[in-house]
**Student:** 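One structure follows; several queries about it will come next.
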2 protein chains.
Amino acid sequence: MPDNPISQSGQSLLFLTDEQLRKGIEAMFFAYRGFTADPDRILADMEYGRAHHRAIHFIHRSPGTTVNNLLSILGVTKQSLNRVLRTLIEDGLVESRVGKQDKRERHLHLTEKGAQLERSLSDAQRDRMRAAYRAAGPVAVAGFRQVLEAMMDQDLRRSYDTLKDRGA
Amino acid sequence: MPDNPISQSGQSLLFLTDEQLRKGIEAMFFAYRGFTADPDRILADMEYGRAHHRAIHFIHRSPGTTVNNLLSILGVTKQSLNRVLRTLIEDGLVESRVGKQDKRERHLHLTEKGAQLERSLSDAQRDRMRAAYRAAGPVAVAGFRQVLEAMMDQDLRRSYDTLKDRGA
DNA sequence: GAGGATAAGTCAGCCTTGTTGACATTCCAA
DNA sequence: TTGGAATGTCAACAAGGCTGACTTATCCTC
């Protein structure tokens with residue numbers, strides 16, 4: 001029975017059919033649009049974009065993080081990040097402090113103004129996430145997290161876990 | 001007990017804390033990077049990008065779809081889509097056929113060459129999705145889909161359901 | 001049949017955000 | 001003291017979004 005999606009052990013593998021996988025792929029595509037929609041709307045009114053949101057999020061998450069650390073989390077070139085950081089610093093949302101041990105490093109912090117924007121962005125994003133979590137329930141949420149974690153590249157998984165542990 | 005994340009009904013709502021929501025947000029961010037990584041690698045060697053991938057995916061998914069329909073699914077302007085479609089048609093990956101009932105419409109189909117690229121892209125993406133699904137198991141996968149569907153905007157949810165039903 | 005609505009395509013120009021490459025500065029460590 | 005690491009900057013470029021204006025062809029309705 002070569003077409004029967006049942007494993008040798010007798011466990012159903014229907015969730016691994018190409019059709020199911022394609023549905024998962026499309027779900028990721030459409031859901032990610034929703035995921036970014038609310039912050040994008042807020043940022044569209046300002047002179048900022050999604051790249052600024054990401055920088056602000058992770059600076060808020062890890063105050064005092066270095067540029068290099070941020071670079072590896074965001075996965076962009078230092079030139080791209082620098083352009084974003086420069087505008088955030090110029091506009092007084094982010095503060096760059098020379099390192100004490102290592103003066104080559106710059107430690108990044110949100111100013112009060114930056115923290116305000118961070119709050120309005122993450123409030124909007126959390127509201128949607130909360131509604132989705134509430135609609136789906138705790139069991140679904142656990143599964144959601146499991147699948148997403150299994151989908152990450154190894155190095156990103158490490159970044160994710162580091163961030164995860166720190167706040168736990 | 002204002003700080004106790006337990007609902008009045010007695011059911012635990014620990015999964016709705018800001019901390020849990022933030023973890024979900026970061027999981028989406030990192031997982032989406034993995035989600036697009038494999039097709040991106042394939043496309044980087046060619047003159048195409050993620051926008052071409054999306055067009056190819058949905059033309060494959062709904063052969064004969066019109067430009068307007070594709071537009072609403074992808075959520076971009078016709079100018080953006082047109083730029084992508086033009087190159088795909090010029091390169092012989094997509095065929096544009098004048099509508100029979102309504103001659104204003106163009107119905108889009110993948111050529112054999114286009115179908116080949118679609119296969120190599122979706123194979124790569126499915127491989128990762130399959131590994132994630134397998135690692136997480138069927139219960140987690142059901143939850144994953146539930147949360148993603150609850151995260152979509154209403155109009156995208158409708159597009160998603162339409163695509164979902166057609167293939168089922 | 002005329003006129004408005006619709007589908008598609010195109011041109012021009014702009015923005016964000018990514019890329020490479022080259023180069024300067026600063027500072028730590030061998 | 002010298003090499004390498006971390007940071008920053010400049011220039012140039014590309015993908016892929018966007019708006020606005022416009023044309024062409026077709027359809028539908030009055």
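All values below come from the heavy atoms of this structure, side chains included, with hydrogens, waters and symmetry mates left out. In what follows, chains carry the letters A, B, and so on, assigned in the order in which the sequence lines appear, proteins first and then strands, with residues in each chain numbered from 1. Please read these numbers as outputs of a predicted model, since none were measured by experiment.
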**Student:** Would you indicate what B/Gly75 reaches in the nucleic acid, counting non-hydrogen atoms under 4.0 angstrom: base, sugar-phosphate, or nothing?
**Tutor:**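 Sugar-phosphate only.
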**Student:** Tell me the closest heavy-atom pair linking A/Ile73 and A/Leu156, and the distance in Å.
**Tutor:** O-CD2, 4.3 Å
**Student:** What about B/Arg83, does its side chain sit under 3.5 Å from the base of D/dG17 through a donor-acceptor pair?
**Tutor:** yes
**Student:** Taking atom C1' of C/dA8 as reference, at what distance in whole Å does atom CG of B/Asn68 sit?
**Tutor:**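 Taking CG of B/Asn68 and C1' of C/dA8, I get 8 Å after rounding.
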**Student:** Between B/Glu105 and A/Val76, name the one whose nearest nucleotide on DNA chain C is closer to the 5' end.
**Tutor:**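 Of the two residues, B/Glu105 wins.
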**Student:** Could you tell me how the ring of A/Tyr32 sits relative to the ring of B/Tyr32: parallel (under 30°), tilted (30 to 60°) or perpendicular (over 60°)?
**Tutor:**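 Ring orientation, 0 to 90° scale: parallel.
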**Student:** CG of A/Leu71 versus C1' of D/dT7: gap in Å, rounded?
**Tutor:** 10 Å
**Student:** Kindly say whether the aromatic ring centers of B/Phe15 and A/Phe144 come within a distance under 6.0 Å.
**Tutor:** no
**Student:** Taking a hydrophobic cluster as the set of Ile, Leu, Val, Met, Phe, Trp and Tyr residues connected by side-chain heavy atoms closer than 4.5 Å, whether directly or through intermediates, do B/Val98 and B/Val67 fall within one such cluster?
**Tutor:**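 Looking at the clustering, B/Val67 is in a separate group from B/Val98.
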**Student:** Give a yes or no on whether a salt bridge exists between A/Glu112 and A/Arg119, defined as a side-chain N under 4.0 angstrom from a carboxylate O.
**Tutor:** yes
**Student:** Across nucleotides 21-30 of chain C, 5' to 3', mark each nucleotide with B, S or - according to how protein heavy atoms within less than 4.0 Å reach it.
**Tutor:** BB---BBS--
**Student:** Does a nitrogen or oxygen in the side chain of A/Ser80 sit under 4.0 Å from OP1 or OP2 of C/dT17?
**Tutor:**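 Checking A/Ser80 against C/dT17: no side-chain N or O falls below 4.0 Å of OP1 or OP2.
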**Student:** Between B/Leu16 and A/Arg134, is a side chain to side chain contact (heavy atoms under 4.5 Å, CB included) present by the stated rule, with each step listed?
**Tutor:** CA-CA 7 Å; B/Leu16 286 174; A/Arg134 200 188 303 274; 3.7 Å; yes
**Student:** At their closest point, which heavy atom of B/Leu110 faces which heavy atom of B/Ile56, and how far apart are they?
**Tutor:**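 B/Leu110 and B/Ile56 have their closest heavy atoms at CD1-O, 4.0 Å.
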**Student:** Assess, by modelled atom type and distance only, whether the side chains of A/His52 and A/Glu47 contain a donor and an acceptor separated by less than 3.5 Å.
**Tutor:**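 A/His52 vs A/Glu47: no donor-acceptor pair found between side chains.
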**Student:** Got a sec? Which of residues 84-98 of chain A come in under 4.0 Å of DNA chain C, heavy atoms?
**Tutor:**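 Nothing qualifies; none.
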**Student:** Where is the tightest heavy-atom contact between B/Ser96 and B/Ile89, given as atom of each residue plus distance?
**Tutor:** CB-CD1, 3.9 Å
**Student:** Strictly below 4.0 Å, heavy-atom distances to any atom of DNA chain C: list the hits from residues 27-56 of chain B, or just say none.
**Tutor:** none
**Student:** Is it true that B/Arg22 and B/Asp18 have a side-chain N and a carboxylate O under 4.0 angstrom from each other?
**Tutor:**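 Salt bridge flag = no for B/Asp18 with B/Arg22.
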**Student:** Without decimals, in angstroms, what is the distance between A/Leu81 CG and C/dG18 P?
**Tutor:**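 Atom-to-atom, A/Leu81 to C/dG18, this comes out as 9 Å.
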**Student:** Do you know which two heavy atoms are closest between B/Gly99 and B/His107, and how far apart they sit?
**Tutor:**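 Looking at all heavy atoms of both residues, the closest pair is CA-CD2, 3.3 Å.
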**Student:** Answer yes or no: does a side-chain N or O of A/Thr66 lie under 4.0 Å from OP1 or OP2 of D/dA6?
**Tutor:**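 Result: no.
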**Student:** Write down the distance between CG (B/Asn82) and C1' (D/dT24), rounded to a whole number of angstrom.
**Tutor:**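 Taking CG of B/Asn82 and C1' of D/dT24, I get 14 Å after rounding.
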**Student:** Taking atom P of D/dG17 as reference, at what distance in whole Å does atom CG of B/Leu74 sit?
**Tutor:** 8 Å
